[in-house]
Each structure stands twice: as C-alpha cells, then as structure tokens.
Asks: 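Input: one structure, supplied below.
Residue numbering restarts at 1 for every chain, and letters A, B, ... go by the order of the sequence lines.
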Number of protein chains: 2
Amino acid sequence: MQAYQPIDEHLIEQVSQTFKALSDPTRIKILHLLFQKECSVNEIAEHLNMNQSTISHQLKYLKQMHLVKKRREKTMYYYSPDDEHVMILLEQTIKHTKHTT
Amino acid sequence: MQAYQPIDEHLIEQVSQTFKALSDPTRIKILHLLFQKECSVNEIAEHLNMNQSTISHQLKYLKQMHLVKKRREKTMYYYSPDDEHVMILLEQTIKHTKHTT
DNA sequence: ATAATATATGATCATATGTTCATATTATAA
DNA sequence: TTATAATATGAACATATGATCATATATTAT
C-alpha cells in the first residue's frame, strides 16, 4: 500500500489554466513577440498579419490571466509580458522543441 | 527598424500541441499519478474515480503524443511517462503554482 | 472451447473555444 | 467640437474537445 499525494482539484485547475493559455498558436505568437519587444495592439496585428479584433480578444484573455500588462501612450496601448514564470515556460519549450525535432 | 525572429508556423504548432496536452485536468492527473507510479488503466481509473473509458481515451491521446508508453503484463497494460521534458514542465509548474497561490 | 477480466474503440452529445463582423468607446488632433 | 485613430466589445458561427454509453477486442483461466 502506497500513499499517493492527494489530488488538489483547485491546484490542478490552476495548472491546467496556465497550460491552456499557452495552448493556442495565436497566443503563443503574441507572447513570443512581446517577449522580444513591447508592442501596441496594431503592431501585433500587423506583425502577425491578423485581425485587430482577434488580437484584442486574445490580449484581453491574456490580461485576465495576468500574463500581460498594458500601458497607455496617447491613443495606443502598449502590451508587455507580466508573468516571468510563464514566459520562461514558453521560451524554454520553444527552445527545446526547436532542438528536438 | 528591428529584425524580429521570423515565426516558424510548424514550430509554434508543435509547441501549442505540447501545452494543449497539459491543459486538461484529467490528463494532468493521469500524468502526475504516473510520475509517482506506473499504473494499469483500471488503477488509474480507480485512483481518479473516473470512467475506465475516459481514462483509456486520454491514455490513447497521451500515447499518440508520445507522452506515455505502455507494457503488457498478463491482461493488463501498465502505463508510465515517456517524455522527460514534458514531465519536468508539468512538475515544475505544479510546484510553482503551489508555492505561488 | 468458454467464461471472465482488462482494455480499446466508435458514436453521440453538450460545452468550450477562436475568429469574424459590426459597432462602441476613448483619447488626441485639427 | 468634430473628425480621426486606436482599441475594446458583443453577437454569431463553425469547429474542437471531453465525457459517456454501448460494445468490441484480446488475453488468461477454467
């Protein structure tokens, strides 16, 4: 008889949410871009060649997850990463995947 | 004018698939359990108090992603982790989340 | 051979997710 | 104050996802 670590449902839920945030190609592209350079919404949309609306929706999602933050400058909002651990997780995985396949 | 790293669609797709595998509570529980101990399908189902069918489906998913492997013993299949990097990613994030919130 | 046990699989269904369109909001510039 | 620019938002839609049910498959024991 072995004692397993009991499952903390709330913890598992949080962990899954973190990974879910990183499970979409658009969000990965956004985060990876912001990792390189703070960007406005339009800059992101142009760089990724995607709808401004799509980017806004995903930024809202990332903001609610506290993965990005924004600052205003004139009429623009500049977004940047706001969770170091998650960014490390992402960049680490990109690097590892690149050197594996 | 800054030169950004060009986006490798295929790479991003692979990375997102890895995170997607880790974005579901049931799969996290399965992997976390297998991290502690090699288990048969029924052992997993009983431990997690879930349907055998549900577990089988998720194990198939994880197997196709090369995140778990199985070995036969009599009528049973024993599953265990098969991707060290992904397991490190998971355990690291569980640990970090635990100590953060 | 047959029954029992363990696992796999296909279909179905409800819900979640991501994108787009149209439009609202907000701040600056003229 | 009005026009413009940048961003946010809500509704709608198509697709993806995860669980369940019923049943198939495969191996062992009798």
Asks: Toward the 5' end of DNA chain C, which comes first, A:Lys74 or B:Asn42, by nearest nucleotide?
Replies: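 Taking each residue's closest nucleotide, the earlier one in sequence belongs to B:Asn42.
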
Asks: So, is A:Tyr79 near the phosphate of D:dA8, with a side-chain N or O under 4.0 Å from OP1 or OP2?
Replies: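 So the side chain of A:Tyr79 is within the cut-off, an N or O lying under 4.0 Å from OP1 or OP2 of D:dA8.
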
Asks: Can you list, in residue-number order, the parts of residues 49-57 of chain A that come under 4.0 Å of DNA chain C, counting heavy atoms only?
Replies: A:Met50, A:Asn51, A:Ser53, A:Thr54, A:His57

Asks: Any chance you could measure B:Met65, atom CE, to B:Leu62, atom CG, to the nearest 0.5 Å?
Replies: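 Spacing of CE (B:Met65) from CG (B:Leu62) equals 8.5 Å.
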
Asks: Can you work out whether A:Lys20 or B:Thr75 has the more 5'-proximal nearest nucleotide on DNA chain C?
Replies: B:Thr75

Asks: Do A:Tyr78 and A:Leu48 belong together in a cluster built from hydrophobic side chains that touch within less than 4.5 Å?
Replies: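 Result: no, two separate clusters.
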
Asks: Which is more 5' along DNA chain D, the nucleotide nearest B:Asp24 or the one nearest A:Lys70? Just name the residue.
Replies: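 Nearest nucleotide further toward 5': that of A:Lys70.
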
Asks: Working to the nearest 0.5 Å, report the span between CD1 of B:Ile94 and CD of A:Gln14.
Replies: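 B:Ile94 atom CD1 to A:Gln14 atom CD measures 11.5 Å (nearest 0.5 Å).
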
Asks: Side-chain contact test, heavy atoms from C-beta onward, threshold under 4.5 Å: evaluate it for A:Leu90 versus A:Phe35 and give yes or no.
Replies: no

Asks: Inspect the contact between B:Glu9 and A:Lys29 and indicate whether a charged nitrogen and a carboxylate oxygen are less than 4.0 angstrom apart.
Replies: yes

Asks: Please state whether the phosphate of D:dA8, meaning OP1 or OP2, lies under 4.0 angstrom from any side-chain nitrogen or oxygen of A:Lys63.
Replies: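 No, because none of the side-chain N or O atoms of A:Lys63 sits under 4.0 Å from OP1 or OP2 of D:dA8.
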
Asks: Report the C-alpha separation of B:Met87 and B:Leu31 in whole Å, then their side-chain angles, then the decisive distance to 0.1 Å, and conclude whether the side chain to side chain contact (heavy atoms under 4.5 Å, CB included) test is met.
Replies: CA-CA 8 Å; B:Met87 290 311 288; B:Leu31 289 174; 4.1 Å; yes

Asks: Please report, rounded to the nearest Å, how far the P atom of D:dT7 is from the CD atom of A:Gln58.
Replies: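 Distance check: A:Gln58 CD to D:dT7 P gives 16 Å.
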
Asks: Pairing check on D:dA12: which nucleotide meets the Watson-Crick or G-U wobble criteria with it, both distances under 3.5 Å?
Replies: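 Its partner is C:dT19.
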
Asks: Whole angstrom is fine here: how far is it from CE in B:Met76 over to C1' in D:dT25?
Replies: 18 Å

Asks: Taking 5' to 3' order, which nucleotide of DNA chain C is first and which is last to have an atom within less than 4.0 Å of a heavy atom in chain A?
Replies: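 Taking any atom under 4.0 Å from a heavy atom of chain A, the span is C:dT17 to C:dA29.
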
Asks: Tell me if a side-chain donor or acceptor on B:Asn51 pairs with a main-chain N or O of B:Thr54 at a distance below 3.5 Å.
Replies: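 No, B:Asn51 side chain to B:Thr54 backbone: no donor-acceptor pair under 3.5 Å.
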
Asks: Give the intermediate values and the outcome of salt bridge (charged side-chain N to carboxylate O under 4.0 Å, His left out) for residues B:Glu13 and B:Lys20.
Replies: CA-CA 10 Å; B:Glu13 189 56 39; B:Lys20 187 161 293 178; over 6 Å; no

Asks: Give a yes or no on whether A:His85 atom NE2 has more than 12 heavy-atom contacts from other residues, nucleotides or ligands under 6.0 Å away.
Replies: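 Yes, because the 6.0 Å sphere around NE2 of A:His85 holds more than 12 heavy atoms from other groups.
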
Asks: Whole Å only: how far is the CG atom of A:Leu62 from the P atom of D:dT7?
Replies: 16 Å

